[in-house]
Amino acid sequence: MESSQEYLASERAQTWREDLRKSVKAADRTKKERVKMPEQDPDVRNKNSLEVNLGISEAQAIAEAQRCLDCVTPTCITGCPVNINIPKFIKKIESGDFAGAAKVLKETNALPAVCGRVCPQEVQCESQCFYVQKMNKPAVAIGNLERFAADFERESGQISVPEVAPRKGIKVGVVGSGPSGLAAAGDLIKMGYDVTVFEALHEIGGVLKYGIPEFRLPNVMVDVEIENLRQMGVVFEPNFIVGKTASLDTLRAEGYKAFFIGSGAGLPNFMHIPGENAIGIFSSNEYLTRVNLMGASRPGYDTPVLKGRNVAVIGGGNTAMDSVRTAKRLGAERAMIVYRRSLDEMPARKEEIHHAMEEGVEFLCLHNPLEYLSDDKGRVCRMKVQQMDLGEPDASGRRRPVPREGSEFLLDVDTVIVSIGVSPNPLISQAVPGLEVTRWGTLVVNPDTMQTSIPDLFAGGDIVRGGATVILAMGDGRKAAAGMDAWLKEQNI
Amino acid sequence: MNKIISKDFLSELVFRMVIEAPRIAQSRQPGNFIILRVDEHGERIPLTIADANPEAGTITLIVQIVGCSTRKLSRLEAGDFLSDLVGPLGKATHIEKSGTILCAGGGVGIAPLYPIVEGHKKAGNRVVVVLAARTKDLLILEQEMRQQADEVIVMTDDGSYGSRGLVTQGMEQVIQREKVHEAVVIGPAVMMKFASMLTRKYNIPTVASLNTIMVDGTGMCGACRCTVEGKTKFVCVDGPEFDAHSVDFDEMLRRLGAYKEEEVKAYEAYLEQLQR
């Protein structure tokens, strides 16, 4: 609907857009250099928890917005899982209407300040930008501009609350308050439903709060967006585990007509190698939860965390980068990534890998742990690692790591963070008999409507995907909200 | 926010708290636990539900003061509010009619044992309870247990009440006297270890309820992991009850001490702060 060709064309044909296009020649626009995001100095930031990226200035934002050619066919939008009207918000910035830009973002994105920070734009919208596709030049910095507009609105104190349809008097529930749940809640409340979000933890925000560290996404950003949803009428129930605190049937009896399940990929994977239950070996979920959600290491908070001197993080994803950079900030002398493939195969965002390297993180690529040894108190003290070589590509298309015989050696470590992925949280499937799951435990859904095998249950995010990104989860939440709306109308509810 | 309805001390370091939690009071089953936070800066502490009153919408917790967070909790009074309370968590106790059940509780482990005794009685089992404490003053819930169980045997380390001796001695006395079909042991890890060694000797299927360190309590973090039958399990979602004969209690004991240093430091700092 928002992304339909005619709608975009009519928006683009508006006078202010035409005038703006004419105001600077295309040739002059393409001559401009992409604006660089200012950052905290690596040697300073690796000792604090403040944001690494400082945000661009108004002048920088306008300069960057001028690079955007306002293409007839905005391919960038096809790269956005939530279909943001990208040229429109960028042109609002170019015209100096920053608050208007934020408003455009919020038409389709409940969490612009979050997405502007953590989306992998380089493989989404920015990868589809005309500059990349046709000119072999750096893309328009869509992500940085999104962050700029969202930050401007927040700092101005004049936060616009999106319009909501008149109340229908129909109750729907959202299970989980992570990115997919918040996106679904945002759309459902706009459609006029009475939305309650149930969250198991004591804080709203899911992985945005317990997982992503302050230096990448300050909690206050998430809180602002949640407050926005609250003002639109969304009700939040923390400390509520659907299926435990109350069953789905109890909630149905209380009048809930449909549910969106966005309970996430809860269970951390371990490697099941000898010694892995030694003290000082964490899942990245535990380590990050202690620090981010529970405030461990901050004065005045009761939850402890073991601070290591020699910290090894196993894995090469974004969560591994978050963990190792957190360890560095907590004072580790050596903070190491231990990854079984090479830098080229690493699934983390390039920007995160680059930031980690700048901050003094060591990368032991083509290394794989075999066993952990512990001291007389049971605390891990060494790990046996094996070197790897890259063989033929495997099913994932990445080259398969092959152990190099006789290459084992011992590495001194006192803290290990295992960050090799997560499995879906089984609480929901255990609590809902008949819910169809895959052999990996993810929920089976109709990909167009996100409806599960139980008609009044819709689902999205990691409980369906098994481990993906914030923005894909949000895209699912939006799609499920539309699917739920259509289904409820079909049922004449 | 959950309101505290009442609080009373059962012994010097053990107190009972009745807390408003209407949904949990409805949905909890024997074996379930909750996680609470005392205040905005608090830890998430897992505690087994000792009792519940669905009509009044309350649950009962019985807590031993072991450190900073439990001391903070003990200082709240009726009318005060907890910052957070979530549950019921964990799998419920497997209860069926199977004959004679030997339930052994040590120290504050007697509290989580209570709803299990109640459940087994309701299922029509004969329930013999062995309660163990270091000394008479530390024994809790004796009268409540006597109202439920067919028989209650009390053991104290110093002989100040009941019979002098360890929980295992009381258990063995019952095992040698009559056919025991199943045992449930809850208490300190060491006590559970030795109690389960005893029942293994007599081939009695035995369940232990593990009280490991937890953070979220929903399977998300793995702080509570333990080895059962050579496999890693999460106490919060796979337990808290397991086949006691398959649990690696030595590993569990080690892992319980993971934050010993931090805990002692935090407790000392807190006590100092209280005195100021």
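Naming convention: chains lettered A, B, ... in sequence-line order (proteins, then strands); numbering from 1 in each chain. Since the model is a prediction, treat every value here as computed from it, not as a measurement.
- Contact annotation for B/Ile45: neither backbone nor side-chain heavy atoms come within less than 4.5 Å of a heavy atom of chain A.
- Neither the backbone nor the side chain of A/Ala296 comes within less than 4.5 Å of any heavy atom of chain B.
- When each of B/Leu85, B/Val237, B/Ile35 is scored by its heavy-atom pairs under 4.5 Å with chain A, the top score falls to B/Leu85.
- Counting non-hydrogen atoms of neighbouring residues, nucleotides and ligands closer than 6.0 angstrom, the NZ atom of A/Lys171 exceeds 12 such neighbours.
- The contact between A/Leu267 and chain B is made by backbone and side chain atoms together, counting heavy-atom distances below 4.5 Å.
- With chain A as the partner, the residue from B/Gly222, B/Ala223, B/Ala21, B/Ala266 showing the most heavy-atom pairs under 4.5 Å is B/Ala223.
- Of the residues considered (A/Ala265, A/Gly300, A/Gly295, A/Gly264), A/Gly300 shows the highest number of contacts with chain B, using heavy-atom pairs under 4.5 Å.
- Note that the CE atom of B/Met220 and the CG atom of A/Leu288 stand 9.5 Å from one another [nearest 0.5 Å].
- Annotation: maximal heavy-atom pairing with chain B below 4.5 Å, among A/Val418, A/Leu427, A/Val422, occurs at A/Leu427.
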Pull every donor-acceptor pair under 3.5 angstrom between chain A and chain B and give the atom names with distances.
residue: A/His202; atom: ND1; partner: B/Arg44; partner atom: NH1; Å: 2.8
residue: A/Asn239; atom: ND2; partner: B/Asp84; partner atom: OD1; Å: 2.7
residue: A/Lys244; atom: O; partner: B/Ser27; partner atom: OG; Å: 3.2
residue: A/Lys244; atom: NZ; partner: B/Gly90; partner atom: O; Å: 3.1
residue: A/Thr245; atom: O; partner: B/Ser27; partner atom: OG; Å: 3.1
residue: A/Thr245; atom: OG1; partner: B/Gly87; partner atom: O; Å: 2.8
residue: A/Glu254; atom: OE1; partner: B/Arg23; partner atom: NH2; Å: 2.8
residue: A/Glu254; atom: OE2; partner: B/Arg23; partner atom: NH1; Å: 3.0
residue: A/Glu254; atom: OE2; partner: B/Arg23; partner atom: NH2; Å: 3.3
residue: A/Glu276; atom: O; partner: B/Arg225; partner atom: NH2; Å: 2.8
residue: A/Asn277; atom: O; partner: B/Arg255; partner atom: NH1; Å: 2.8
residue: A/Asn277; atom: OD1; partner: B/Arg225; partner atom: NE; Å: 2.8
residue: A/Asn277; atom: ND2; partner: B/Thr227; partner atom: OG1; Å: 3.1
residue: A/Asn277; atom: ND2; partner: B/Thr232; partner atom: OG1; Å: 3.3
residue: A/Asn277; atom: ND2; partner: B/Glu251; partner atom: OE2; Å: 3.4
residue: A/Ile281; atom: O; partner: B/Arg225; partner atom: NH1; Å: 3.4
residue: A/Ile281; atom: O; partner: B/Arg225; partner atom: NH2; Å: 2.9
residue: A/Ser283; atom: OG; partner: B/Cys221; partner atom: O; Å: 2.5
residue: A/Asn285; atom: ND2; partner: B/Met220; partner atom: O; Å: 2.7
residue: A/Arg290; atom: NE; partner: B/Tyr259; partner atom: OH; Å: 3.3
residue: A/Gly300; atom: O; partner: B/His41; partner atom: ND1; Å: 3.4
residue: A/Asp302; atom: N; partner: B/His41; partner atom: O; Å: 3.0
residue: A/Asp302; atom: OD1; partner: B/Lys72; partner atom: NZ; Å: 3.1
residue: A/Asp302; atom: OD2; partner: B/Lys72; partner atom: NZ; Å: 2.9

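- Taking chain B as the reference chain and counting heavy-atom pairs below 4.5 Å, the highest number among A/Pro268, A/Gly378, A/Pro238 is found for A/Pro268.
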